[in-house]
Structures are given as C-alpha cells and as structure tokens.
Amino acid sequence: MAKWLMKSEPHVYSWDDLVRDGETDWDGVRNNAARLHLRAMREGDEAFFYHSNADKAVVGIMRIAGAQKPDGPDGAWVKVPVQPVRKLPRPVTLAEIKAEPKLAAMELVRQSRLSVSPVREEEWALILEMSAGA
DNA sequence: GCCAACGTTGGC
DNA sequence: GCCAACGTTGGC
C-alpha cells in the first residue's frame with residue numbers, strides 16, 4: 001500500500017472537519033503533478049493529513065476509501081474519497097521535518113507548493129516515531 | 001517554441 | 001506583508 005501526504009488549510013477544511021464528516025471527497029486539486037498522484041492512489045492507501053498555513057504540521061492519518069472520481073464537469077480533474085483513521089498522538093511540525101536529515105528528500109520539503117505528494121515507507125515510519133515521541 | 005508577465009501557494 | 005518557487009498565459 002502506498003503512502004501519501006495531502007495538504008489542507010485548516011480554516012478551509014481541517015482534520016476535525018473530516019472526523020465530523022466521517023468521509024469526504026478530496027477535491028479541488030488543480031495542479032498537474034498533484035493530479036498524477038491522485039490518479040495513482042488506490043483504495044486502502046494511507047495518507048497524512050497536513051495542515052498548511054497556521055499549523056504547518058502533520059496532524060492525522062486518513063485512508064483512501066474508494067476509487068477516484070471525476071472532479072468538475074469536463075472530467076479533466078479527479079477527486080478521491082478519504083476517511084479519517086486516527087489522529088497523531090502529537091502533531092509533527094514542518095520545522096521538525098525540516099530539521100530531520102532523513103526527511104530531507106520528502107516532496108513536502110523539496111516542493112513546498114505541491115498539495116498532494118508521495119511519502120516513502122521509511123519517511124512514514126519515522127514521522128510516526130517522531131509523533132509518538134522518543 | 002521561447003520567454004516575460006502574471007497569478008497562486010505557502011513559508012517566514 | 002513579503003517573497004520564493006512554480007505554473008500558466010500570451011505575445012512574438
């Protein structure tokens with residue numbers, strides 16, 4: 001199962017909103033690189049929920065809950081259904097991620113504007129460790 | 001097909 | 001509020 005990271009501004013749609021809704025379609029992505037990642041997602045993949053702007057932190061884990069669907073009338077863009085899995089014990093901030101040399105290759109760091117990006121297994125595991133607190 | 005201008009995202 | 005990094009648009 002692949003791992004991903006998806007960004008949202010918390011004042012627009014937050015982790016708590018997702019928990020309240022139970023499931024939502026991750027839509028509105030209008031960037032080609034992000035679209036390619038959305039298309040590569042499969043049901044059962046997991047993704048970090050990242051709060052951009054105010055928080056700048058990974059706050060939770062969600063699950064891709066089904067197949068991608070067209071987003072918009074012409075079908076050029078796609079959206080995927082996601083469900084909350086669990087909140088992280090503690091948010092892992094962008095500052096912490098940038099301070100960790102093992103995470104320097106993350107797309108989150110390398111291309112900060114990309115709203116949907118892949119996460120390597122070892123990066124995923126390390127962020128979970130950081131959240132659990134060493 | 002190149003590139004300057006402009007718009008957007010998101011960190012600081 | 002500013003600016004860097006990108007993406008897109010449009011003139012040539």
Side-chain angles (χ1 to χ4, degrees):
Chain A
M1 290 298 171
K3 302 289 195 290
W4 309 94
L5 181 145
M6 300 160 90
K7 293 182 181 181
S8 181
E9 297 186 34
H11 74 92
V12 176
Y13 195 84
S14 70
W15 170 260
D16 288 340
D17 292 328
L18 178 60
V19 170
R20 180 201 61 212
D21 293 344
E23 175 171 329
T24 197
D25 283 336
W26 201 276
D27 61 6
V29 172
R30 294 294 182 271
N31 168 280
N32 191 55
R35 171 171 57 183
L36 291 174
H37 296 316
L38 283 180
R39 297 191 68 93
M41 289 180 183
R42 296 293 176 261
E43 182 172 359
D45 285 358
E46 288 185 316
F48 283 135
F49 193 122
Y50 176 87
H51 279 173
S52 60
N53 282 350
D55 282 11
K56 282 165 288 185
V58 176
V59 295
I61 296 172
M62 51 192 170
R63 175 183 178 276
I64 309 307
Q68 59 191 261
K69 302 173 247 186
D71 181 17
D74 58 359
W77 301 99
V78 296
K79 59 186 178 182
V80 297
V82 296
Q83 294 171 344
V85 174
R86 62 192 159 92
K87 193 173 184 174
L88 292 189
R90 180 182 74 74
V92 176
T93 66
L94 180 63
E96 291 176 86
I97 290 171
K98 284 188 166 176
E100 172 51 65
K102 290 176 188 163
L103 298 176
M106 280 190 78
E107 300 306 311
L108 173 70
V109 176
R110 301 186 52 163
Q111 197 177 336
S112 66
R113 284 182 46 206
L114 191 56
S115 61
V116 180
S117 62
V119 177
R120 295 168 187 83
E121 288 293 341
E122 60 271 26
E123 294 164 347
W124 181 274
L126 181 53
I127 287 171
L128 291 183
E129 276 179 39
M130 290 163 72
S131 178

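A note on names: the letters A, B, ... follow the listed sequences, proteins ahead of strands, and every chain is numbered from 1.
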Rounded interatomic separation in angstrom, taking CE from A/Met6 and C1' from B/dG10:
18 Å
I'd like to know whether CZ of A/Arg20 has more than 12 heavy-atom contacts from other residues, nucleotides or ligands below 6.0 angstrom.
yes
Can you tell me how far C1' of B/dG11 sits from CE of A/Met106, to the nearest Å?
16 Å
Side-chain donor or acceptor of A/Lys7 paired with backbone N/O of A/Ser112 under 3.5 Å:
yes
Partners of A/Arg30 by side-chain hydrogen bond (donor to acceptor under 3.5 Å, both in side chains), sequence neighbours excluded?
A/Asp71
Distance check needed: B/dT9 C1' versus A/Arg110 CZ, whole Å only.
19 Å
At 4.0 Å (heavy atoms only), tell me whether A/Leu94 reaches a base, stays on the sugar-phosphate, or touches nothing.
sugar-phosphate
Phosphate OP1/OP2 of B/dG11 contacted by A/Gln111 side-chain N/O (<4.0 Å)
no
Quick one: is A/Tyr50 getting a side-chain N or O under 4.0 Å of the B/dG11 phosphate, OP1 or OP2?
yes
Interatomic distance, A/Leu108 CG vs C/dC6 P [rounded to whole Å]:
13 Å
Rounded to the Å, how far apart are A/Ile97 CD1 and B/dG10 P?
15 Å
Hey, what's the ring geometry for A/Phe48 with A/Trp124, parallel, tilted or perpendicular (30° and 60° as the breaks)?
parallel
Using whole Å, what does the distance between atom C1' of nucleotide B/dG11 and atom CD of A/Glu9 come to?
12 Å
Only one of A/Val82, A/Val116, A/Val78 forms a side-chain contact (heavy atoms from CB on, under 4.5 Å) with A/Met41, so which one is it?
A/Val116
NZ of A/Lys7 versus C1' of C/dA5: gap in Å, rounded?
11 Å
Please list residues of residues 25-33 of chain A whose heavy atoms come under 4.0 Å from any atom in DNA chain C, ordered by number; otherwise none.
A/Asn31
Hey, is NZ on A/Lys87 packed in by over 12 heavy atoms from elsewhere, all under 6.0 Å?
no
Please check: side-chain N/O of A/Arg90 versus main-chain N/O of A/Met130, any donor-acceptor pairing under 3.5 Å?
yes
Measure from NE2 on A/His11 to P on B/dG10 and round the result to the nearest Å.
10 Å
